[in-house]
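Beneath this line is the structure, given in structure tokens, with notes to follow.
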Amino acid sequence: MSLGIRLHVTSNLTLTFHPQTAIGRTSHSTSVRPRSIYHSNPLILLRRTMSAIPSHKSSSSTIKSSLIEPDGGALADRVVPESERAAKALEVESMPKVSLTQIDLEWVHVIGEGWASPLKGFMREDEYLQSLHFNCFRTKDGTIVNMSLPIVLAIDDEAKERIGASQNVGLVGPAGDLVGILRSIEIYKHNKEERIARTWGTTVPGLPYVEEVITPAGNWLIGGDLEVLKPIKYNDGLDHYRLSPRQLREEFDKRQADAVFAFQLRNPVHNGHALLMNDTRKRLLEMGYKNPILLLHPLGGYTKADDVPLDVRMEQHSKVLEDGVLDPETTIVAIFPSPMHYAGPTEVQWHAKARINAGANFYIVGRDPAGIGHPTEKRDLYDPDHGKKVLSMAPGLEKLNILPFRVAAYDTVEKKMAFFDPSRAKDFLFISGTKSFTMRTYARNGENPPDGFMCPQGWNVLVRYYESLQAEGATQQAAVISA
């Protein structure tokens with residue numbers, strides 16, 4: 001999402017409360033579901049609403065993070081138990097093999113840990129068509145679950161011929177190791193043009209995920225039930241941040257969370273983000289929650305080449321907590337392993353749905369979520385307000401409480417990030433990752449941003465990163481000249 005937080009927010013609010021009972025709590029009204037969020041702002045609380053919300057009562061027993069059930073009622077954990085791994089590894093040796101790319105492996109990670117629950121493997125054709133055409137699919141018991149992005153595995157003609165009539169195949173990772181098994185497989189046609197058009201709403205050239213993944217992919221898709229032979233590890237020094245949905249729910253239990261609000265980003269955290277996150281927690285406390293926990297959840301799969309790399313972002317996020325901009329006691333920083341599609345309103349549904357499976361019952365959505373600039377024209381590819389509107393209407397996301405951004409910008413008078421005041425609009429500066437005033441421009445030029453824009457330690461991480469890029473570019477240029 002864009003680092004310039006610009007969102008029109010209305011003052012109309014309607015909240016409905018539904019009784020629910022959770023383990024370790026007395027039965028009371030805790031489920032907050034705003035009506036269409038483009039008609040309301042649940043971060044602006046009306047006095048009459050506050051008087052209707054009962055306070056949470058303390059309990060000596062642990063509050064369970066069953067605040068929201070996973071889609072399908074249980075996490076679809078596809079990682080093979082350790083006691084069975086040796087036998088499974090022996091079995092897969094005799095199966096036809098399918099080679100995975102790095103991004104395929106990231107999807108194995110996503111499916112294997114249950115982020116896409118109730119999906120149990122790469123999509124078969126009926127699941128694929130429902131996802132592609134309806135952004136959701138119907139489970140066996142008739143429940144509608146959101147599934148806005150097709151999660152599929154492509155193979156080429158040679159692999160299809162090699163598989164033949166086999167019902168099961170082994171999956172081989174980019175490093176040549178056996179990663180998993182796909183059982184009861186189905187192979188069907190990969191209509192790339194249709195997939196691109198329906199996922200992105202355009203077939204314009206230059207879409208990052210399309211060029212990286214779909215264009216070079218095979219003309220067939222293979223679906224089936226996935227078994228992951230062992231937990232996916234990247235050995236990049238960041239694996240301790242890669243908490244599965246099950247681990248996150250356990251951590252919410254440990255911290256006795258009675259509300260979990262998730263914030264996804266693929267950019268560094270500035271003080272406008274922090275203002276929003278801290279204000280959200282304040283509002284949840286005012287609504288009667290006793291211990292709302294923030295899930296700061298940066299995307300950790302594939303991103304386009306000019307995005308700030310994951311290791312740099314994670315170091316920057318850690319400095320935000322070290323500097324006290326966010327409270328470590330009420331914040332969990334973890335990596336969401338999904339690849340990035342940059343598919344706007346279609347993709348933001350996937351981002352929200354996955355956080356349901358992780359146990360978050362509130363999701364913060366901002367301007368142009370999962371959006372991107374148009375590849376060939378000087379404009380946004382998607383309407384910046386459509387993401388939040390779509391989330392308010394998306395089938396299968398009704399149980400998730402959507403919290404839209406308030407407008408944040410740099411207040412040149414107060415010299416800090418603040419909520420935008422239209423009555424003195426000239427006093428505010430929007431510092432964005434994509435517009436004329438950019439963090440990248442400041443960092444590349446060795447300039448400091450305005451005081452109060454970002455914590456000093458976090459800013460220094462970015463400066464060092466861009467200095468390294470400039471040094472690398474100079475070295476490459478010198479090598480070309482000398483050649």
Side-chain angles (χ1 to χ4, degrees), residues 1 14-18 20 31-40 42 67-76 107 110-111 114-152 194-202 223 245 260-262 264 336 338 341-366 368-371 382-404:
M1 66 183 64
T14 303
L15 298 180
T16 56
F17 300 88
H18 306 286
Q20 68 177 22
S31 178
V32 184
R33 179 64 183 181
R35 291 184 183 174
S36 298
I37 54 178
Y38 47 92
H39 294 312
S40 64
L67 305 172
I68 188 168
E69 279 193 344
D71 281 344
L75 288 172
W107 283 121
V110 166
I111 299 168
W115 294 100
S117 297
L119 192 67
K120 296 181 179 180
F122 286 103
M123 290 179 177
R124 297 183 176 90
E125 188 173 29
D126 62 337
E127 295 167 327
Y128 171 70
L129 291 175
Q130 290 181 74
S131 172
L132 193 66
H133 290 269
F134 310 138
N135 285 356
C136 61
F137 64 68
R138 190 183 301 275
T139 62
K140 291 181 179 179
D141 67 359
T143 303
I144 297 294
V145 297
N146 193 275
M147 193 66 71
S148 63
L149 288 184
I151 300 179
V152 292
E194 180 186 33
R195 179 183 172 191
I196 295 165
R198 287 197 168 274
T199 303
W200 282 270
T202 180
V260 175
F261 57 109
Q264 167 170 306
F336 176 45
S338 175
H341 276 60
Y342 304 93
T346 298
E347 184 172 15
V348 73
Q349 297 173 65
W350 158 243
H351 293 165
K353 175 246 172 48
R355 278 28 182 258
I356 291 176
N357 288 328
N361 55 342
F362 290 85
Y363 185 77
I364 302 174
V365 60
D368 197 20
Y382 304 105
D383 186 299
D385 288 338
H386 280 183
K388 65 184 176 70
K389 292 181 179 181
V390 166
L391 279 186
S392 75
M393 302 179 286
L397 296 181
E398 294 85 359
K399 60 186 176 181
L400 183 65
N401 301 296
I402 306 301
L403 303 177

Atom pair [atom1]/[atom2] of [X] and [Y] - distance to nearest 0.5 Å:
X: Gln130; Y: Met123; atom1: CD; atom2: CE; answer: 9.0 Å
X: Leu149; Y: Asn135; atom1: CG; atom2: CG; answer: 8.0 Å
X: Ile144; Y: Glu398; atom1: CD1; atom2: CD; answer: 9.0 Å
X: Asn361; Y: Leu67; atom1: CG; atom2: CG; answer: 5.0 Å
X: Cys136; Y: Met147; atom1: SG; atom2: CE; answer: 10.0 Å
X: Asn146; Y: Leu397; atom1: CG; atom2: CG; answer: 4.0 Å

Can you give me the closest heavy-atom contact between [X] and [Y], atom names plus distance?
X: Met393; Y: Lys389; value: CE-O, 3.3 Å
X: Ser117; Y: Ala76; value: OG-N, 2.8 Å
X: Gly371; Y: Tyr342; value: O-CD2, 4.1 Å
X: Ser131; Y: Pro150; value: OG-N, 3.3 Å
X: Val365; Y: Ile402; value: CG1-CG2, 3.5 Å
X: Ala370; Y: Val348; value: CB-N, 4.3 Å

### side chain to side chain contact (heavy atoms under 4.5 Å, CB included) between Val260 and Phe362, intermediate numbers included
CA-CA 6 Å; Val260 175; Phe362 290 85; over 6 Å; no

## Note on the structure
Here the salt bridge (Lys or Arg N to Asp or Glu O under 4.0 Å) pairs for residues 120-137, sequence neighbours left out, are Arg124-Asp225

With a 4.5 Å heavy-atom cut-off, do [X] and [Y] have their side chains touching?
X: Trp200; Y: Thr346; result: no
X: Leu75; Y: Asn357; result: yes
X: Tyr363; Y: Ile356; result: no

By side chain to side chain donor-acceptor pair (under 3.5 Å) - contacts of [X] (at least two apart):
X: Thr202; result: none
X: His341; result: none
X: Arg138; result: none

### Task
Please list, chain by chain and in numerical order, all residues satisfying side chain to side chain contact (heavy atoms under 4.5 Å, CB included) with Pro118, sequence neighbours excluded.
Asp71, Phe137, Thr139, Val145, Lys353

### Query
Does Ser338 have any side chain to side chain contact (heavy atoms under 4.5 Å, CB included) partners at least two apart in sequence or in another chain, and if so, which?
Trp107, Val110, Phe336, Trp350

### Query
Can you list the residues that meet the ring-ring contact (aromatic ring centres under 6.0 Å, His included) rule with Tyr128, with sequence neighbours excluded?
Tyr188

### Message
Show, in sequence, the C-alpha distance, side-chain angles and deciding distance for Leu132 and Glu194, and conclude whether the side chain to side chain contact (heavy atoms under 4.5 Å, CB included) test is met.
### Response
CA-CA 9 Å; Leu132 193 66; Glu194 180 186 33; 4.0 Å; yes

### Task
Give a yes or no on whether the backbone of Glu69 and the side-chain of Lys399 come within a donor-acceptor separation of less than 3.5 Å.
yes

